[in-house]
Amino acid sequence: MLLIAALFFTMTFVNAQSEKVIETASSLGTLKQINAGLLNVGYTEAGPSTGSPVILLHGWPYDIHSYNEVVPILVAKGYRVLTPYLRGSGTTTFLSKDTFRNGQQAALANDIIAFMDALKIDKATIGGFDWGARTAVVMAALWPERLNGLVSVSGYLVVNLEANLKPLPPQAELGWWYQYYFATERGKLGYSQNTYEFNKLIWKIASPLWNFDKATYDQTAQSFNNPDHVAIVIHNYRWRQSLEPGESKYDSLEKKLATRPAIKVPTITIASDFDGANIDGKAYANKFTGKYEHRILKGIGHNVPQEDPKAFAQAIMDVTKI
């Protein structure tokens, strides 16, 4: 792993705002920047420009390097693969210092639509896990005409603020301990001061059988140095608990999402050990009303594309054929 990671550290980008050097894996392709909506988006691109576009979305506390081994598989099959840093991560920064650092689901999904518009991509296959899966599902719910297919780890992850106000059984609540931590000013300060160790702990908890090494983690951890990282993470989780508001311009989108709309685009959902009792996907299967398939991967945790890149890549290749 150390040797592989060292070979991946081949491309650099200096983020002027954070004054940090960002190194990206050569396997992800060329690191680029583009103005899209509210952001200057950092992203990698690989594969032929004429290939069918695939956009891969990372989660928290992860980054585009979750797709180190997925991208080459897809490129070998002729796909054009793009892996953008989400707002608050890597080389993606806000165009204006005055823009509200918003982590709500509609804002993140709108970012990717703006990203597609900037690159003149009409439709793409979208895949993701964690925040990336939620963003992809929200895109499918609000803008189905922009997706050829959807691959979502852990299924239907649309946030319903009203439902989130209802308590879960104690064991389930325990799993969300960091959300309560982030709800406090102590938690915000603690995350700001201990981002590296905090996120490493989340990796271990979410993927207890994944024996990642320091080089693998450090390759992603550099993306946490983004100047807006803490603000976006804290707002995301506070917004989910209705402790902080979103922006009114997204109200109509959030109202539609609150109805828990069905997903009509071709979809493959993936579950792993991380999903616990929901591994069979039955809790959300009825939300996918188009062509649909559910796959179960055992012995791995939450970071599915990095823990089982072949299975994730295969889902991307299969989703428009189901």
Side-chain angles (χ1 to χ4, degrees), residues 5 7-60 62-96 99 107-129 131-132 135-136 139 146-148 218-229 232 305-306 309 313 316:
L7 291 173
F8 279 159
F9 284 139
T10 60
M11 301 187 64
T12 63
F13 179 86
V14 178
N15 184 326
Q17 285 185 258
S18 60
E19 296 183 346
K20 299 289 184 179
V21 174
I22 299 292
E23 298 176 322
T24 58
S26 61
S27 65
L28 295 177
T30 304
L31 179 63
K32 302 179 179 182
Q33 299 291 134
I34 191 168
N35 288 347
L38 301 172
L39 305 170
N40 177 253
V41 179
Y43 68 103
T44 56
E45 180 172 358
S49 61
T50 56
S52 180
V54 173
I55 299 175
L56 303 176
L57 305 176
H58 66 84
W60 171 86
Y62 307 94
D63 80 337
I64 62 176
H65 292 99
S66 291
Y67 297 104
N68 277 352
E69 295 180 54
V70 173
V71 171
I73 296 173
L74 297 177
V75 168
K77 295 296 183 178
Y79 291 92
R80 176 191 181 191
V81 189
L82 304 107
T83 52
Y85 284 109
L86 299 185
R87 55 169 62 190
S89 180
T91 64
T92 291
T93 55
F94 286 87
L95 294 173
S96 171
T99 301
L108 271 70
N110 194 69
D111 287 346
I112 306 304
I113 294 296
F115 174 67
M116 292 174 67
D117 289 344
L119 290 171
K120 296 180 171 57
I121 296 174
D122 182 50
K123 298 182 74 172
T125 300
I126 312 292
F129 71 106
W131 287 24
T135 301
M139 291 172 65
R146 304 300 299 269
L147 278 73
N148 289 317
D218 285 350
Q219 189 175 53
T220 285
Q222 61 184 331
S223 70
F224 308 146
N225 293 322
N226 183 287
D228 302 302
H229 179 78
I232 295 298
Q306 200 159 5
I316 291 290

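Nothing here was measured: the structure is a model prediction, and the numbers come from that model. Along the sequence shown, residues carry numbers from 1.
Paired with L82 under the rule side-chain contact (heavy atoms from CB on, under 4.5 Å), one option of I121, V54, L57, I112 passes, and it is I121. Checking T99, T92, D228, D111 one by one against R87, the side-chain hydrogen bond (donor to acceptor under 3.5 Å, both in side chains) holds for a single residue, D111.
Between Y85 and H58, the ring planes lie perpendicular to each other; the angle is over 60°, past the 30° to 60° tilted range.
To the nearest 0.5 Å, the span separating OG1 on T91 from CD on Q222 amounts to 10.0 Å. Here N40 contributes atom CG and F94 contributes atom CZ; the two are 11.5 Å apart, rounded to the nearest 0.5 Å. T135 contributes atom OG1, which lies 11.0 Å from atom CG of N110 (distance to the nearest 0.5 angstrom). Here the CD-CD1 distance, from E45 to I34, works out to 9.5 Å after rounding to the nearest 0.5 Å. To the nearest 0.5 Å, atoms OG1 (T44) and NE2 (H65) are separated by 7.5 Å. Atom CD of residue E23 and atom CD of residue Q219 lie 8.5 Å apart, to the nearest 0.5 angstrom.
Closest approach of Y67 and G128 over heavy atoms only: OH-CA, 3.5 Å. Closest of all the heavy-atom pairs between A136 and I126 is CB-CG2, 3.5 Å. Nearest heavy atom pair, residue P48 against residue R80, reads O-CB, 3.2 Å. Residues V75 and A46 share a closest heavy-atom pair of CG2-CB, 3.7 Å. Smallest separation of non-hydrogen atoms from S52 and N148: OG-ND2, 4.4 Å. Considering all non-hydrogen atoms of both residues, R146 and M116 come closest at O-CE, 3.5 Å.
With sequence neighbours left out, I73 forms a side chain to side chain contact (heavy atoms under 4.5 Å, CB included) with K310, A313, M317.
Side-chain polar atoms of S89 and N226 form no donor-acceptor pair below 3.5 angstrom.
Taking a 6.0 Å sphere around NZ of K123, one finds it holds more than 12 heavy atoms contributed by other residues, nucleotides or ligands.
Annotation: side chain of I232 is not in contact with side chain of W60 (no heavy-atom distance under 4.5 Å).
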- How far apart are the C-alpha atoms of L28 and N68, what are their side-chain angles, what is the distance that settles it, and do they pass the side-chain contact (heavy atoms from CB on, under 4.5 Å) test? CA-CA 6 Å; L28 295 177; N68 277 352; 3.7 Å; yes
